[in-house]
Every structure is written in C-alpha cells, then in structure tokens.
There are 2 protein chains.
Amino acid sequence: MSAIKLRNVALSHFARYGYEGASLSKIAEEVGIKKPTIYSHYKSKEDLFLSVVKYVFHLEKRQIFLYFQKEDKSDLKSKLEGFFDWFEAEFNLSDTTKFLLRMSYFPPPALRNEMFQLSTAFIDGMERLLYKMMKQHQIQGELNGINMKDAALAYLTLVDGVIVELLFAGTNRYKKRADVAFPIYWRGIHSINKEYLL
Amino acid sequence: MSAIKLRNVALSHFARYGYEGASLSKIAEEVGIKKPTIYSHYKSKEDLFLSVVKYVFHLEKRQIFLYFQKEDKSDLKSKLEGFFDWFEAEFNLSDTTKFLLRMSYFPPPALRNEMFQLSTAFIDGMERLLYKMMKQHQIQGELNGINMKDAALAYLTLVDGVIVELLFAGTNRYKKRADVAFPIYWRGIHSINKEYLL
DNA sequence: GTCTATAGTTGGATAGAC
DNA sequence: GTCTATCCAACTATAGAC
C-alpha cells in the first residue's frame with residue numbers, strides 16, 4: 001500500500017524532469033517497488049500524472065488560503081509583503097509549487113486543454129481571494145480610493161514576476177526582487193495623485 | 001544544406017515539447033530529411049540543443065536592444081509601456097522567446113549549470129541596458145529623485161509577471177495584466193511622497 | 001498487490017554505400 | 001551531405017504466477 005508514497009515521488013519527478021522526462025522505472029525504484037506495480041494503482045502514466053495534478057491544485061489552493069486567513073499579521077501590507085517569505089519556505093520544502101508552475105506553463109501536449117482549464121480556474125480563484133481580502137481592508141479604511149480589482153491583479157503580476165526568479169536564479173535574487181518591487185507596487189496603488197497619471 | 005532549417009525546426013520542437021519531449025525523428029521529418037542526416041550537422045542531441053540555445057540568446061538580446069534603441073518613441077514611458085505590445089507580436093511570430101523561457105526555467109538536468117550561467121548573464125544584461133537607458137532619461141529630468149537600479153529591477157519583475165501570463169493564459173489576459181500593472185508600477189516609481197513609504 | 005518475464009515501440013546514435 | 005540498414009538502450013504497458 002505505497003499509493004501515497006508513489007504519488008509523492010511521482011510529483012517530485014514530474015516537477016524536476018517534466019512529464020516526458022520522468023521515467024516510471026526510476027519512480028518505481030525510488031518508491032521501492034517494481035515498475036509493473038504502478039499499474040495496479042494507476043492505469044497509465046497519464047492517469048498517474050492527472051492524479052498528481054488534481055492533488056497538487058487542491059493542496060496549493062488550500063495552503064495559500066490558509067496563509068491569508070491567518071490572524072497573526074492582521075494588516076494587509078504585512079500579509080502581502082510576508083507572502084514572499086512564506087512562499088520561499090514552501091517552495092524549498094516541497095516540489096508541489098515547482099510542479100504546479102512547470103505543468104501550468106508547459107503542460108504535456110496531450111493534456112494541454114485540461115491543464116489550461118485547471119490553471120485558469122486556479123488563477124481566477126486567487127484573484128477572487130485577493131479581491132475579497134482587500135475589499136475587507138478597504139472597508140476598514142486602509143485602502144481608500146483604490147481600484148481593488150486592479151490592485152489584486154497587479155499584485156498577482158508582481159508575485160509571478162518574483163516567483164519566476166526563484167525558479168532559475170535562486171533565493172538571493174528572488175529576495176532582492178521582492179524587496180525592491182513590493183514597495184514600488186505598494187506606493188503605486190496608493191499614489192492617487194493625478195500628477196503621476198501621465 | 002538544410003542546416004538553418006534544421007536549427008529552426010529544432011528550436012520550435014524544443015520550445016513546444018521540451019528537451020526530452022522533442023524527438024530527432026520528428027524534427028528530421030519536418031525538415032524533410034532522414035534522422036541520421038542530423039548527425040552530419042551535429043554530433044548529438046545535446047550539441048544540436050546547445051547550438052540552438054546560443055543562437056536564441058544572441059537573437060533575443062539583439063532584438064530587445066534594437067527595440068529600446070529605436071527613436072520613434074523617444075520618451076521613456078512610451079518605450080516601457082510599448083514593450084508589451086512589441087513583445088506579444090514577437091512572441092506570436094516565432095518560438096524563440098518560448099524556447100528561451102522554457103529552457104531557462106526548466107533546463108535539461110544535464111545542462112543545468114550552463115543554462116543557469118547563460119540566463120543569468122542575459123538577465124544581468126537586460127538590467128544594465130534598462131539602467132543605462134533610464135539614467136539617460138534621468139539626466140533629461142524625466143525621472144527626478146528615483147533610484148534607477150530599483151526601478152529597473154522592478155520593471156523586469158513586472159515584465160516577467162506579465163509574460164508568464166502570456167505563456168499559459170493567452171493574449172487577452174496578458175494584455176489585461178500589462179494595462180493594469182504598468183500604471184501602478186509607473187506611479188510607484190514616481191511617488192516619492194514619504195506618506196506612502198510606510 | 002506485488003512480482004518475473006516480456007511484448008512492442010521509440011529513443012539516440014553508428015557504419016558504410018553513394 | 002544524404003541515404004539505408006542496423007544497433008542497443010530505454011520507454012510504456014501487459015500477461016500471468018503467487
């Protein structure tokens with residue numbers, strides 16, 4: 001009954017080597033079973049992959065939701081700013097995020113449509129979550145006169161821009177980007193001075 | 001003498017299917033030659049790949065340099081803002097950018113170090129190019145009191161955040177991100193009002 | 001559920017004729 | 001430079017014993 005371990009090892013291999021680059025032999029080897037045993041759990045490589053995909057999307061959504069729900073940093077700025085540190089820790093802890101990013105950006109061609117729908121739904125969910133949260137802080141007076149939908153979308157853009165640096169340039173450059181770009185974003189959504197609109 | 005066509009087809013296949021997913025048989029088929037003929041041009045798949053990599057980095061650097069050098073939009077804001085439209089056109093025209101992004105984010109494991117160095121150098125070059133250009137506009141008085149290195153880095157972060165949306169969500173969402181996030185960035189680097197620093 | 005054995009295909013790569 | 005023919009290793013997947 002190594003179904004869970006199998007899924008976790010598969011996740012890690014897909015994240016590191018891609019769908020085509022991942023080998024069922026090597027996955028089985030790391031799990032400690034023989035290759036044909038995989039087929040008693042999943043009927044094909046695609047089946048295994050899709051199982052991992054669904055698991056990862058569910059997990060990631062939940063994790064991010066929990067982060068923003070936490071009460072220890074109750075003001076919005078701390079939450080948005082602190083997200084980068086939290087994310088880096090998550091990223092280094094497991095391969096789920098790397099898997100999610102890789103398979104969203106470059107899905108196996110045969111599963112392109114399914115992946116597109118899943119990742120679009122995921123991003124939409126993030127946008128709604130952020131929007132809802134920012135709206136609450138607007139009522140509390142922290143974000144007067146700001147277009148919340150734009151602010152949420154721009155924040156997601158910022159997050160993506162910082163994260164891709166983590167993918168291939170490592171922790172140091174990631175942190176630098178976050179430290180530099182977030183304050184500019186934060187000032188950008190607050191400066192409603194018309195002088196700067198053109 | 002189909003060396004150039006071979007390189008272009010290989011580029012397109014690596015971009016769409018990844019290093020492992022690309023097949024020399026299929027590449028040869030699309031070129032209109034037989035598979036062993038590839039080996040009269042390149043001594044291995046890795047060799048073909050690295051040849052494409054160097055070509056693409058050279059090309060991309062040159063393209064971006066030329067865009068920012070152009071004189072038709074001489075003010076900085078137009079250039080930074082117009083980059084997104086220009087980039088989208090480039091992206092849809094060929095697979096070079098997709099190749100570059102894919103192989104920078106998720107290089108073939110055996111070539112991880114080489115790719116890391118190449119993409120780091122590329123990004124550094126972009127940062128210097130932007131910094132230099134912004135510095136000129138600062139002298140002209142367009143960007144008073146702004147930390148140029150930070151502004152350049154934040155702009156690259158913005159660009160990356162917008163581009164990744166193009167990778168998997170398509171043109172519409174890409175444009176939306178650019179339209180929403182750029183003005184916030186632009187205001188962010190201009191609002192030196194200390195009220196918004198904390 | 002897990003194994004051994006193996007089918008069937010495709011992968012990258014080479015030898016040698018033209 | 002391009003081909004045919006071929007090699008060998010690796011892949012996904014299946015059959016059938018335990």
Side-chain angles (χ1 to χ4, degrees), chain A residues 1-56 95 99 102-103 106-115, chain B residues 1-56 95 99 102-103 106-115:
Chain A
M1 247 271 276
S2 27
I4 291 170
K5 188 170 182 188
L6 174 55
R7 192 189 54 192
N8 287 335
V9 172
L11 159 58
S12 149
H13 280 238
F14 283 135
R16 279 184 282 168
Y17 309 116
Y19 180 78
E20 292 85 2
S23 146
L24 294 183
S25 317
K26 282 165 191 159
I27 291 171
E29 192 184 2
E30 192 173 323
V31 175
I33 58 176
K34 298 297 174 182
K35 188 170 50 166
T37 307
I38 294 177
Y39 288 86
S40 68
H41 297 280
Y42 303 94
K43 73 174 207 282
S44 66
K45 191 184 186 180
E46 273 196 11
D47 187 31
L48 170 60
F49 174 76
L50 286 173
S51 162
V52 174
V53 165
K54 282 167 194 164
Y55 166 69
V56 167
D95 292 313
F99 173 89
R102 180 166 199 162
M103 294 312 157
F106 308 109
L111 305 170
R112 205 178 165 261
N113 289 337
E114 279 119 302
M115 289 302 300
Chain B
M1 246 272 274
S2 27
I4 292 170
K5 188 171 182 189
L6 174 54
R7 192 190 53 192
N8 287 334
V9 172
L11 159 58
S12 147
H13 279 237
F14 283 134
R16 279 184 282 167
Y17 309 116
Y19 180 78
E20 292 85 2
S23 145
L24 294 183
S25 318
K26 282 165 191 160
I27 291 172
E29 193 184 2
E30 191 173 323
V31 175
I33 58 176
K34 298 296 174 184
K35 187 168 56 164
T37 307
I38 294 178
Y39 289 86
S40 67
H41 297 280
Y42 303 94
K43 72 175 207 284
S44 66
K45 191 184 185 180
E46 273 197 11
D47 187 32
L48 170 61
F49 174 76
L50 286 174
S51 161
V52 175
V53 165
K54 282 167 194 163
Y55 166 69
V56 167
D95 292 313
F99 174 89
R102 180 167 199 161
M103 294 312 156
F106 308 108
L111 305 170
R112 204 177 166 260
N113 288 337
E114 279 119 302
M115 288 303 299

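Atoms considered below: every heavy atom in the structure, side chains included; atoms not considered: hydrogens, waters and symmetry mates. Lettering of chains follows the sequences in order, A, B, ..., and the numbering in each one begins at 1.
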5'-most contact on DNA chain D (nearest-nucleotide basis), K34(B) vs E20(A), goes to K34(B)
For a quick test of reading the model: is some side-chain N or O of S25(B) closer than 4.0 Å to OP1 or OP2 of dT10(C)?
no
Check nucleotides 16-18 of chain D against the protein and report each pair of N or O atoms closer than 3.5 Å, with its distance, or say if there are none.
none

Using a cut-off of less than 4.0 Å, is there contact between a side-chain N or O of T37(A) and OP1 or OP2 of dG1(C)?
no
Any idea which heavy atoms bring V56(B) and L11(B) closest together, and the distance?
CG2-CD1, 3.7 Å
Looking only at non-hydrogen atoms, find the nearest pair between H41(A) and A3(A) and report the distance.
ND1-CB, 3.9 Å
Between I38(A) (CD1) and dT4(C) (C1'), how many Å, whole number?
16 Å
What residues form a side chain to side chain donor-acceptor pair (under 3.5 Å) with E30(A), not counting sequence neighbours?
H13(A)
Rounded to the Å, how far apart are E29(B) CD and dG11(C) C1'?
15 Å
side-chain contact (heavy atoms from CB on, under 4.5 Å) partners of P109(B), counting only residues at least two apart:
Y17(A), E20(B)
Taking the minimum atom-to-atom distance to the side chain of S40(A), which one of dT2(C), dT4(C), dT2(D) wins?
dT2(C)
Of the listed dC3(C), dC11(D), dT2(C), the closest approach to the S23(A) side chain comes from dC11(D)
Protein N or O to nucleotides 13-15 of chain C N or O, pairs below 3.5 Å:
| unit_1 | atom_1 | unit_2 | atom_2 | d |
| --- | --- | --- | --- | --- |
| dA13(C) | OP2 | Y39(B) | OH | 2.7 |
| dA13(C) | OP2 | K45(B) | N | 2.8 |
| dA13(C) | O5' | Y39(B) | OH | 3.1 |

Any side-chain heavy-atom pair from Y19(A) and E46(A) closer than 4.5 angstrom?
yes
Qualifying residues under side-chain contact (heavy atoms from CB on, under 4.5 Å), relative to R7(B), sequence neighbours excluded:
I4(B), Y42(B), S51(B), V52(B), Y55(B)
Passes side chain to side chain contact (heavy atoms under 4.5 Å, CB included), I38(A) versus V31(A)? Steps please.
CA-CA 10 Å; I38(A) 294 177; V31(A) 175; over 6 Å; no
H41(A) NE2 - dA13(D) P separation (whole Å)
16 Å
Here the distance between atom P of dC3(C) and atom CD1 of I33(A), to the nearest Å, is 7 Å
By the 4.0 Å heavy-atom rule, please label A22(B) as base, sugar-phosphate, or nothing.
sugar-phosphate
Output the single nucleotide from dG1(D), dG11(C), dC11(D) whose closest atom is nearest the side chain of K26(A).
dC11(D)
P107(B): which residues meet the side-chain contact (heavy atoms from CB on, under 4.5 Å) condition with it, sequence neighbours left out?
R112(B), M115(B)
Shortest non-hydrogen pair, R102(B) vs F14(B), comes out as CD-O, 3.9 Å
Atom-pair distance (NZ on K5(A); P on dT2(C)), nearest Å
12 Å
